[in-house]
2 protein chains.
Amino acid sequence: MSKKASQPRDQYSIDDIDKEIIRQLRGDGRMSYRILGQNVGLSEAAVRQRVNRLRENNIFTISVVVNQEAFGINSSATIGINAQGDLRKVARKLADIPETEYVNITAGKFDIIVDVLAADNKELSRIIIEEIKPIKEITEISTNIIMENYKIAYGAGPS
Amino acid sequence: MSKKASQPRDQYSIDDIDKEIIRQLRGDGRMSYRILGQNVGLSEAAVRQRVNRLRENNIFTISVVVNQEAFGINSSATIGINAQGDLRKVARKLADIPETEYVNITAGKFDIIVDVLAADNKELSRIIIEEIKPIKEITEISTNIIMENYKIAYGAGPS
DNA sequence: ACTGAAAACCAAGATTT
DNA sequence: AAATCTTGGTTTTCAGT
């Protein structure tokens, strides 16, 4: 028993077949392993093994992606924020607001950028006025209402 | 036999069970109908029907969500853009760049906001300099490098 | 709820690097 | 030798009645 090098946990190598699997599963995350196998040119068992490996190693998850309009979300915004004090604390507060979708600490014109999803303009307005503005560390808010979406890729990577 | 309103195509009503289904499927989009039924308190057949209905009516899709870091994405940015001329044309050009993730036409300080995912700063820089800046309608670019992500909900709605 | 059909799972064995 | 793929048989899930 040779001493095994601990398997490369932090840099998992993804080959072309894995990429093709991801591409397939993007269209239908519940596609059967048999069909998936056909589509990528492997046996059913082989793709299952790969998918399991990829999921276990956290390369991807299979999840629901909600169609916001159908869900009654008709008013969204990307909001740039500047703040003083502990940015992480502010980011956490923003993340705790249920209607925030995407919260990042950034370097650039803004300290934090937040995406907010709301049912309508009234609700969006409420969230900004009642939830965001009162966070006292915030010094500046720049709201950009989303008018038309041209692309959304959900982390599927360059396609 | 009351005259059934033809099914509300544009305002599909989603009840609490549907929401619970979405919550469950968020964690594991391939969860079996049996387990899903148990978890939401419905028979296997009933949840299957619901899931099918929801998918057919485009309330949600089940898809792969890639863990960007594991995928070698270590440099991302949210970029605010101002432009003259046809914004839609510009948005389309931006959407055509493989590394853009999220492209919206907005009203506010910026005309268009784009999220870009790149392997590293060098690639990010290349995309901005070689792909985005050359779009001639663009008059201003404000790049915000994403330093830390605090929340990402993938359209799963208020949670 | 029942049932035939499909899909998922498992354990070795074969193959490739 | 290790990792990945295939095959064949079994169990579970699916979808329609």
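By convention in this document, chain letters (A, B, ...) are assigned in the order of the sequence lines, proteins followed by strands, and residues within each chain are numbered from 1.
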Notebook entry, point to check: Side-chain donor-acceptor pair under 3.5 Å between Asn149(B) and Asn104(A), yes or no?
Noted result: yes
Note to self: Distance check needed: dA3(D) P versus Ile14(A) CD1, whole Å only.
What the structure shows: 17 Å
Check: Atom OH of Tyr33(A) and atom P of dC14(D): how far apart are they, to the nearest Å?
Finding: 12 Å
Check: Would you say the side chain of Leu94(A) lies within less than 4.5 Å of the side chain of Ile132(A), judging by non-hydrogen atoms?
Finding: yes
Notebook entry, point to check: Rounding to a whole Å, what distance do you find between Arg55(B):CZ and dA15(D):C1'?
Noted result: 15 Å
Note to self: Under a 3.5 Å distance rule, please check whether Asp120(B) uses its side chain to pair with a backbone N or O of Lys122(B) as donor and acceptor.
What the structure shows: yes
Item checked: Nearest-angstrom distance from the residue atom CD1 of Ile35(B) to P of dC14(D) -> 9 Å
Item checked: Reading 5' to 3' through nucleotides 4-10 of chain D, protein heavy-atom contacts under 4.0 Å coded B for base, S for sugar-phosphate only, - for none -> SBBB---
Next item on the list: State plainly whether the residues Asp86(B) and Lys93(B) are in salt-bridge range, i.e. N to O under 4.0 Å.
Entry: no
Notebook entry, point to check: Less than 4.0 Å between a side-chain N and a carboxylate O, is that true for Arg23(A) and Glu20(A)?
Noted result: yes
Next item on the list: Find out whether Met31(A) and Asn39(A) are in side-chain contact, i.e. whether some heavy atom of one side chain is under 4.5 Å from a heavy atom of the other.
Entry: yes
